[in-house]
Undergrad: 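Sharing a structure with you now.
Letters A, B, ... mirror the listed sequences (proteins, then strands); counts begin at 1.
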2 protein chains.
Amino acid sequence: MNLGDRKRLILQAIIEDYINTAEPVGSRTISKKYLTNTSPATIRNEMADLEEMGFIEQPHTSAGRVPSDKGYRLYVDKIMEQKKLDNIQAELIKKEFIDTLGEIDRLVKHASKLLSNMTQYTSIIMTPQLKKTCLKHIQLIAINSSTILAVIVTDAGIVKNSVLKGIRDIAPDVLEKLTNALNSKLSGLSMEDMNRLSLEDIFTGEFARSMHVHGEIIEQLIPELMQTLLYSDTKDIYLDGAANMLKFPEYGDINKAREFLNVLDEKELLFNVLNQTNNDVNVSIGAENQFEQFRNCSLITATYKINGKTIGSVGVIGPTRMEYSKVISIVDCMTHNLSEILTKMLKV
Amino acid sequence: MNLGDRKRLILQAIIEDYINTAEPVGSRTISKKYLTNTSPATIRNEMADLEEMGFIEQPHTSAGRVPSDKGYRLYVDKIMEQKKLDNIQAELIKKEFIDTLGEIDRLVKHASKLLSNMTQYTSIIMTPQLKKTCLKHIQLIAINSSTILAVIVTDAGIVKNSVLKGIRDIAPDVLEKLTNALNSKLSGLSMEDMNRLSLEDIFTGEFARSMHVHGEIIEQLIPELMQTLLYSDTKDIYLDGAANMLKFPEYGDINKAREFLNVLDEKELLFNVLNQTNNDVNVSIGAENQFEQFRNCSLITATYKINGKTIGSVGVIGPTRMEYSKVISIVDCMTHNLSEILTKMLKV
DNA sequence: GTTAGCACTCATTAGTATTGAGTGCTAATT
DNA sequence: AATTAGCACTCAATACTAATGAGTGCTAAC
């Protein structure tokens with residue numbers, strides 16, 4: 001499907017003008033601001049064609065044209081030039097990150113804030129997910145006679161802990177033995193692997209034999225520990241710049257705004273949205289979106305990694321009339337920096 | 001300052017009607033709906049008095065009256081009857097909590113959601129604060145030759161951990177010795193106490209002598225550990241029901257709405273707002289508010305405790321025209337249940 | 001002390017006319 | 001055959017006006 005140069009230029013003009021103004025774009029505007037050598041009449045003819053092909057739409061008879069989802073899609077895939085972030089902006093991202101170097105959580109929060117500030121849209125970010133990583137070390141600590149603290153360190157350096165209560169008295173040396181045994185048995189496994197592993201797998205062979213004297217204790221402790229391992233995965237979502245959306249005339253109607261904010265309140269949904277991202281940078285435009293709640297927004301998502309292993313993702317939400325090229329490059333730069341710094345942070 | 005029965009009834013009528021309708025209340029309305037035995041003219045006279053006293057205001061000449069902050073204050077302090085939650089609602093709070101019994105964080109998040117759902121305003125909640133609690137146990141774990149994991153358990157049962165990196169090789173037995181020493185030295189101290197303690201205090205006396213052979217290691221490790229102890233306090237704020245505010249005509253203007261949402265984006269501010277709460281239930285009305293950003297809202301805050309020790313607080317934000325009596329009782333019930341359950345959870 | 005009556009104020013609403021941006025179509029031009 | 005100028009038509013947005021009515025303060029009567 002080749003449009004021809006002029007049609008392509010006109011479509012580009014319509015989209016970019018609409019992105020800036022949020023107003024339907026008329027033939028005269030295009031002739032004046034973009035294709036100065038072509039008369040409005042000609043442009044009108046081309047626009048009629050573009051409309052027939054489904055790339056643009058008319059809100060009402062005597063209005064200019066507005067890009068359709070299909071139009072944006074073509075624009076993102078074929079027309080727009082990937083905007084190179086100027087050095088100043090790229091530097092900014094890098095610098096801001098280095099300043100926060102410290103706790104992972106703070107870094108992630110900061111990334112979200114930065115993302116919404118730079119794009120001026122709404123940003124969401126998922127905290128690193130345990131599930132995707134491998135267990136590196138597990139340690140049991142007795143807090144008092146009936147309480148044990150389990151500390152889990154993964155290869156991505158993420159640390160979780162959980163308190164196991166109501167355990168019967170365990171002698172320190174048994175606890176140590178158990179810790180060692182668990183380590184030799186579980187370390188290196190990913191959380192997903194463990195999910196597949198049942199208790200029986202853990203109790204077989206050498207392990208069972210070596211621990212067998214403390215059968216009762218283990219029977220009590222292991223299930224709870226497994227429970228913890230499998231379900232302790234936090235699904236935190238940070239969100240920033242919700243207020244940014246209200247700047248756009250798309251949400252000038254307070255009801256539209258409320259609807260949107262209600263969607264943002266459903267953290268579970270946001271999590272699923274982010275979780276479906278596999279590619280490096282993913283663009284969902286309007287009706288393309290898998291979740292109906294976002295059918296009149298666009299969503300740009302990307303993943304970040306530690307040591308090449310995907311452990312989380314970020315996203316930017318905006319009106320379909322979004323500055324795709326700018327946002328894509330920012331998201332791209334952001335995830336790369338995030339990955340790099342996280343990897344570095346945890347490598348030591 | 002005694003108003004007299006009729007004036008008080010009229011003020012109450014104005015406030016409660018305005019809470020429901022968000023429209024200025026006129027004399028005729030009051031005569032019809034509230035004081036059916038008094039004529040509008042009489043009520044007008046009383047209203048003129050009330051206005052002179054500063055309890056109500058007139059948006060413009062030919063409009064009804066609207067309560068002032070001072071009016072709301074009188075209402076909250078003297079007039080309104082503390083609404084008793086019906087059993088169904090109180091049960092709901094209790095039940096919802098018991099269902100979530102599990103991780104603290106999830107419980108807190110849930111509380112926030114519940115609060116905004118029940119009140120239909122915006123809720124904020126602070127995660128339990130380490131600072132307020134005492135250190136119960138600290139454990140150092142070697143992850144690898146240059147990385148140590150410090151795990152902190154407080155008397156409120158909150159567990160934090162932090163990774164100390166770039167530490168020189170430490171033998172396991174030294175680490176154990178150090179752990180023991182730290183415990184005997186620090187356990188029982190509140191985080192605030194520790195803040196007052198300088199490194200010298202820690203290094204004096206018996207401790208310094210006993211550890212003295214490992215001077216270098218300690219010099220390297222202790223500062224970093226202290227840093228961690230003092231700054232690891234997370235300041236997480238959960239927020240729910242932001243969209244609720246857009247229901248109110250007060251935020252019918254999209255700019256007002258945006259302004260409000262921008263305030264909600266400043267987590268730091270919200271934290272400070274919550275942190276100033278000392279009383280059990282605190283009500284700040286409009287201009288009374290310490291933070292100018294909230295000068296046209298009202299804020300109801302309360303604290304929750306573990307074992308009688310205050311460790312966090314929750315708040316509800318709404319327009320000054322807020323259903324004070326309802327919200328106060330819900331917040332009250334909520335914090336009590338939260339305290340009870342948290343205490344129970346960690347007692348075992 | 002309370003109420004009825006009246007003149008006055010002023011935000012809100014509805015109705016109306018005007019404007020102007022934009023279109024599609026046709027005929028003229030290149 | 002492609003482009004452009006010209007023209008009639010559509011329709012949202014704007015400005016203006018008049019009408020409405022809720023509410024007040026004041027005065028005089030009860």
Undergrad: Report the residues that fulfil side chain to side chain donor-acceptor pair (under 3.5 Å) with A:N87, sequence neighbours left out, ordered by chain and then residue number.
TA: none
Undergrad: Please lay out, stage by stage, how A:M245 and A:L264 fare under the test side chain to side chain contact (heavy atoms under 4.5 Å, CB included).
TA: CA-CA 11 Å; A:M245 292 298 264; A:L264 295 188; 5.9 Å; no
Undergrad: Can you list the residues that meet the side-chain contact (heavy atoms from CB on, under 4.5 Å) rule with B:S112, with sequence neighbours excluded?
TA: B:S123, B:I125, B:Y238, B:D240
Undergrad: Using the rule given for side chain to side chain contact (heavy atoms under 4.5 Å, CB included), can you reason through B:S31 versus B:T38, listing the C-alpha separation, both sets of side-chain angles and the distance that settles it, and then say yes or no?
TA: CA-CA 6 Å; B:S31 163; B:T38 316; 5.9 Å; no
Undergrad: Hey, could you give me the CG/CG distance between B:L74 and B:L11, rounded to the nearest 0.5 Å?
TA: 6.0 Å
Undergrad: Hey, where on DNA chain C does chain B first and last touch, going 5' to 3'? Cut-off is any atom under 4.0 Å from a heavy atom.
TA: C:dT2 to C:dA11
Undergrad: For residues 265-275 of chain B, which side-chain donor-acceptor pairs fall under 3.5 Å, sequence neighbours excluded?
TA:
{"unit_1": "B:D265", "atom_1": "OD2", "unit_2": "A:G241", "atom_2": "N", "d": "3.2"}
{"unit_1": "B:E268", "atom_1": "OE2", "unit_2": "B:K235", "atom_2": "NZ", "d": "3.3"}
{"unit_1": "B:N272", "atom_1": "ND2", "unit_2": "B:E268", "atom_2": "O", "d": "3.4"}

Undergrad: Quick one about A:Y34 and A:Q12 (side-chain donor to acceptor, distance below 3.5 Å, no hydrogens or angles considered), yes or no?
TA: no
Undergrad: Report all side-chain donor-acceptor pairs from residues 251-262 of chain B shorter than 3.5 Å, counting only partners two or more places apart or in another chain.
TA:
{"unit_1": "B:D253", "atom_1": "OD1", "unit_2": "B:N255", "atom_2": "N", "d": "3.2"}
{"unit_1": "B:N262", "atom_1": "ND2", "unit_2": "B:R258", "atom_2": "O", "d": "3.4"}

Undergrad: Starting from C1' on D:dA12, measure out to CD on A:Q58 and report it in whole angstrom.
TA: 13 Å
Undergrad: Give, ordered by number, those residues of residues 21-49 of chain A having at least one heavy-atom distance below 4.0 Å to an atom of DNA chain C; if nothing qualifies, reply none.
TA: A:G26, A:S27, A:T29, A:R44, A:M47
Undergrad: Would you say A:T61 reaches D:dC11's phosphate, i.e. side-chain N/O to OP1/OP2 under 4.0 Å?
TA: yes
